[in-house]
Q: 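Starting off with a structure, shown below.
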Number of protein chains: 2
Amino acid sequence: MPDRPRRRIPEATVSRLPVYLRILNELAAEGVDHVSSDRLAELAGVNAAKVRKDLSYLGSYGTRGVGYEVSYLVYQVQRELGLNHEWPVVIVGAGNLGQALSGYGGFGQRGFPVAGIVDVDTSKIGSVIGGVRVRHIDDLPQIVASRQVSIGVVAVPGASAQDAAERLVRAGVTSILNFAPVVLSVPRGITVRKVDLALELQILSYYEQRRAGTLHAVPGQGKSASA
Amino acid sequence: MPDRPRRRIPEATVSRLPVYLRILNELAAEGVDHVSSDRLAELAGVNAAKVRKDLSYLGSYGTRGVGYEVSYLVYQVQRELGLNHEWPVVIVGAGNLGQALSGYGGFGQRGFPVAGIVDVDTSKIGSVIGGVRVRHIDDLPQIVASRQVSIGVVAVPGASAQDAAERLVRAGVTSILNFAPVVLSVPRGITVRKVDLALELQILSYYEQRRAGTLHAVPGQGKSASA
DNA sequence: CATTGTGAAGCGTTTCACAGCC
DNA sequence: GGCTGTGAAACGCTTCACAATG
């Protein structure tokens, strides 16, 4: 590992880097070796200036008049995102969602292997999901320590989510991906991101209702693009 | 239906209203009848001024010196979000994710009943998930029309997601919740929101890596709060 | 000469600070 | 006295526009 990130990258940019990365990987798979900010912007559904500014935070990796070399940019983005090594995750909650997440397989393929799944429900313990055996939640500290886990996934009902988060933090996890529909309260320095279906649907509901009233165009998280 | 929304509400505010709504519902369930912006802010993990400004877009529903009446505010927020009636959704993709989403039940409970699930895979057709029978994707237009569906959920692999989105749009859907890890290209006026696990994990990876390098605090999507 | 990299302007969001009101 | 509602300041992000350059 040669060097650590130095520059401070805007949050908005950080959340777009994974999108660029995915597109770059697709381009690489297609054998494309160079790409312009214009093309990348089109594929990512954003403005070209934004792509250039975003990438400029990583360094000057483009060539004027030519564009960006795909493979080199893939490497740089991965390095910036810390994707050069694996980040084992531990899933709390072996219900529907925990099982789906664990069985899905996409985690491991993308560098986030499931180091463990835990649940409070002793009836679930021992069953194997996606190749991982469900263990008791009291084993959390041991799993986190032995597998050097720093990311925890909260996949329990809302009522237990705060407790799950606290257990994760106590066990030594410093980042949490929260699927429960609650606002987690965590100590400073712990990063929490949430994925909340009902919330997303309710936001869509708002724009649908607006559409019904006045027939105007509507924003779409900045994620929509024209064909 | 007395009136339609008039004021233009900032996107950032719209995405916080569901959070307030959930908290308000919890407070109501606990028998709390009034709440201050300070308290609401604490529970939502945001700044009190933000709560007041957000709520002020709905109208002046607070009482100076007292706070907001919980039940009245619940009503107003729901109305603003268009949650006074149900929004049936159609799910495209009856794989792991589609099944989990449909079986989960939270959709229906929150006013988004599953009007149908469709798949291209004929071997999946006919099976019943969460009380809904899986139908062929060619039935989409019929389902959307007969059940007045305006929201579609894309739960297919990345490679088929664009096609799924196009079918939804052709069938008459105007909002899409996309779980596939691709940027959907849709006509203007169609709202797309995405839920992307890998992306969230990669963002966490970035902050984890930073933490490893320099020991500083880190943002958390603005969603974290101190205990 | 196409395309990057970037100051500077523009814009939306957050936060402050306090007048207004119950 | 306590809390809302809101102008205005501060901030961060986006977009423009163009000089720099392979």
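What you see below is based on every heavy atom in this structure, not just the backbone, and it leaves out hydrogens, waters and symmetry mates. Here is the naming used below: chain letters follow the sequence lines, and residue numbers restart at 1 for every chain. In this text, all values refer to a predicted model and were calculated from it rather than measured experimentally.
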Q: Of the residues in residues 32-39 of chain A, which ones touch DNA chain C at a heavy-atom distance under 4.0 Å?
A: A:Ser36, A:Ser37
Q: Just the endpoints, please: which first and last nucleotides of DNA chain C, 5' to 3', lie under 4.0 Å from a heavy atom of chain B?
A: C:dT13 to C:dC22
Q: Just the rounded figure in Å: distance from P of D:dT6 to CG of B:Asp54.
A: 13 Å
Q: Where the side chain of B:Asn178 meets the backbone of B:Val182, is there a donor-acceptor pair that is under 3.5 Å apart?
A: yes
Q: Do the ring planes of B:His85 and B:Trp87 sit parallel (below 30°), tilted (30 to 60°) or perpendicular (above 60°)?
A: tilted
Q: Check the side chains of B:Tyr207 and B:Arg211 for a donor-acceptor pair under 3.5 angstrom, ignoring hydrogens and angles.
A: no
Q: Under the salt bridge (charged side-chain N to carboxylate O under 4.0 Å, His left out) rule, collect the residues that match up with B:Asp163, sequence neighbours excluded.
A: B:Arg167
Q: Quick test of your reading: applying side-chain hydrogen bond (donor to acceptor under 3.5 Å, both in side chains), list the pairs with at least one residue in residues 17-35 of chain B, sequence neighbours left out, ordered by first then second residue.
A: A:Asp196-B:Arg22, B:Tyr20-B:Asp54
Q: Can you name the residues that form a salt bridge (charged side-chain N to carboxylate O under 4.0 Å, His left out) with A:Arg52, not counting sequence neighbours?
A: none
Q: Protein within reach of the bases, or only the backbone? For nucleotides 16-22 of chain D, mark each nucleotide 5' to 3' as B, S or -, using heavy atoms under 4.0 Å.
A: BB-BBBB
Q: Take the protein atom CZ of A:Arg16 and the nucleotide atom P of D:dG12, then report the distance between them rounded to whole Å.
A: 15 Å
Q: Taking the six-membered ring where the residue is Trp, are the ring centres of A:Tyr61 and A:Tyr68 under 6.0 Å apart?
A: no
Q: Would you say the side-chain atoms of A:Glu42 pair up with the backbone N or O of A:Ser37, donor to acceptor, closer than 3.5 Å?
A: no
Q: Can you tell me if A:Glu208 and B:Thr174 form a side-chain donor-acceptor pair at under 3.5 Å?
A: yes
Q: Test your reading of the model: is there a side-chain donor-acceptor pair from A:Gln202 to the backbone of B:Leu81, 3.5 Å cut-off?
A: no
Q: What is the separation between atom CG on B:Leu73 and atom C1' on D:dT4, rounded to the nearest whole Å?
A: 12 Å
